[in-house]
Amino acid sequence: MKLNVVLKEPELAYNIVGPFDKNLEVFKTYFGFNLTLVNSEFHTDCENPSIQILMSSVLEKMILIAPSVALSERDVLYMIKLAEANELNDIETLFLKRKHIIINQQGKPIFPKTFTQKVYHEALMNYDMVFGIGPAGTGKTYLAVAKAVSYLKDNKVKKLILTRPAVEAGESLGFLPGDLKEKVDPYLIPLYDALYEFLGFELTTSLMEKGVIEIAPLAYMRGRTLENAFIILDEAQNTTSTQMKMFLTRLGFSSKMVITGDPSQADLPRGVSSGLTEAVNLLSDIEAIKIVHFKRLDVVRNPLVQKILERYES
């Protein structure tokens, strides 16, 4: 069955369908129906009019964006989710005339991928303290590390400090060999991975040895004033009220501080309230602090992962 969408510029086909038609496969995985491009016309075996309308609306936006951007599977999935939420109207503003945050070690420019990521990136540039709140997979920590590295490369800060609480280790922490940092290092792997992507392994290691980059458990922040630094607290939902107050009051001059976490995923002992939740409630009306809330819509992963999550939640 033909959809009422025609590709008038065939040379743009690759930017739309992707390598080996991977972008069209996203439609099949998400909706369960085939979508093909035949002689500049899109066809589907879907007979559901509402799904056909969704497909057509996404394809029209893809055609509009294609002259400027080669769309990825992630981009297509996000657009489909926006269409379902009736929020697709201004999607071209996210892709056209966009500026990259940083270029990674493979030479790939990193851009905000969702509307909330765009708001978050703007907040990272314009506020000294930013909270990124929401579910895993929304890019909260990844984008914060990207921005921190760009600030370091541009000499806007002299040091990067990345930290997180050690709650996840639980009672077994004391039985692990080494000092506190060595015991907690396995829980800091996502931070290391992001740094390796943006700086490479050798430069990251060198900067850590020089003290330019510091990755440490939250307990190491006590008693310090962090100046001329970009500081990121990850997994902040696992801080206590006392720990959060201690961390927030470390902020010195010429520094930026980013706090990320998902209040619904706290691993604190029963009866202990999350310092992240308390901080957001206490500080939400301070104009100099920006709190960005990510939604499930911002979780852009393989559509199969989305289906798995839906089954577990139901």
Just do the side-chain contact (heavy atoms from CB on, under 4.5 Å) check on Ser206 and Lys210 with the steps written out, would you?
CA-CA 6 Å; Ser206 173; Lys210 296 175 182 177; 3.6 Å; yes
Would you mind checking if Arg164 and Glu235 are paired as a salt bridge, meaning a charged N to carboxylate O distance below 4.0 Å?
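Result for this pair is yes, salt bridge flagged.
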Hydrophobic cluster membership, with links at side-chain heavy-atom distances under 4.5 Å among I/L/V/M/F/W/Y: are [X] and [Y] in one?
X	Y	result
Leu191	Phe201	yes
Tyr142	Ile189	no
Leu251	Leu282	yes
Phe253	Met129	no
Leu59	Tyr14	no

Heavy-atom side-chain proximity of [X] to [Y] below 4.5 angstrom:
X	Y	answer
Tyr192	Met208	yes
Leu276	Ile133	yes
Lys22	Val76	no
Thr138	Thr116	no
Lys113	Tyr78	no
Leu88	Ser57	yes
Phe230	Leu152	no
Met55	Leu3	yes

Which residues satisfy the salt bridge (Lys or Arg N to Asp or Glu O under 4.0 Å) test with Lys61, sequence neighbours excluded?
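If we apply the salt bridge (Lys or Arg N to Asp or Glu O under 4.0 Å) test to Lys61, skipping adjacent residues, the hits are Glu92.
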What pairs with Glu41 under salt bridge (Lys or Arg N to Asp or Glu O under 4.0 Å), at least two apart in sequence or on another chain?
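With neighbours one apart ignored, the set is Lys2.
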Report the distance from atom [atom1] of [X] to atom [atom2] of [Y], rounding to the nearest 0.5 Å.
X	Y	atom1	atom2	result
Thr36	Phe27	OG1	CZ	12.0 Å
Leu82	Ile91	CG	CD1	5.0 Å
Met125	Lys156	CE	NZ	8.5 Å
Ile101	Ile110	CD1	CD1	7.5 Å
Cys46	Lys28	SG	NZ	13.5 Å
His43	Leu24	NE2	CG	12.0 Å

Tell me if a side-chain donor or acceptor on [X] pairs with a main-chain N or O of [Y] at a distance below 3.5 Å.
X	Y	result
Asp21	Val17	no
Asp193	Pro190	no
Ser255	Ala229	yes
Lys140	Pro135	yes
Thr29	Glu25	yes
Lys81	Val299	yes

Would Met257 and Leu233 count as a side-chain contact (heavy atoms from CB on, under 4.5 Å) if you check the C-alpha gap in whole Å, the side-chain angles of each, and the deciding distance to 0.1 Å?
CA-CA 8 Å; Met257 183 173 278; Leu233 170 59; over 6 Å; no
Give me the one residue out of Asp234, Ile213, Val258 that meets side-chain contact (heavy atoms from CB on, under 4.5 Å) with Leu162.
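Result: among Asp234, Ile213, Val258, Ile213 is the only option passing the side-chain contact (heavy atoms from CB on, under 4.5 Å) with Leu162.
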Verdict with reasoning, Thr163 to Phe247, per side-chain contact (heavy atoms from CB on, under 4.5 Å):
CA-CA 10 Å; Thr163 185; Phe247 176 77; 3.9 Å; yes
Pair Asp298, Thr114: side-chain N/O donor-acceptor within cut-off below 3.5 Å
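The answer is yes; a qualifying pair exists.
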Would you sort out whether Tyr127 and Val292 count as a side-chain contact (heavy atoms from CB on, under 4.5 Å), showing the intermediate values?
CA-CA 12 Å; Tyr127 290 81; Val292 180; over 6 Å; no
Locate the shortest heavy-atom distance separating [X] from [Y]; write the atom from each residue and the value.
X	Y	answer
Met62	Ile16	CE-O, 3.3 Å
Ser150	Ile102	N-CD1, 3.9 Å
Tyr120	Gly139	CE2-O, 4.3 Å
Pro112	Leu94	O-CD1, 4.2 Å
Pro67	Leu12	CG-CD1, 3.7 Å
Ala236	Thr239	O-OG1, 2.7 Å

Heavy-atom neighbours of [X] [atom1] exceed 12 at 6.0 Å:
X	atom1	result
Lys118	NZ	yes
Glu47	CD	no
Asp154	CG	yes
Gln106	CD	yes
Lys153	NZ	yes

Pairing residues for [X] by the side chain to side chain contact (heavy atoms under 4.5 Å, CB included) criterion, not counting sequence neighbours:
X	value
Arg224	Lys159, Ile161, Glu214, Met221, Leu226
Thr225	Glu227
Ala266	Gln237, Asn238
Asp45	Phe33, Asn34

Would you please classify the geometry between the Phe111 ring and the His100 ring as parallel, tilted or perpendicular, with 30° and 60° separating the classes?
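Perpendicular: the ring planes of His100 and Phe111 meet at over 60°.
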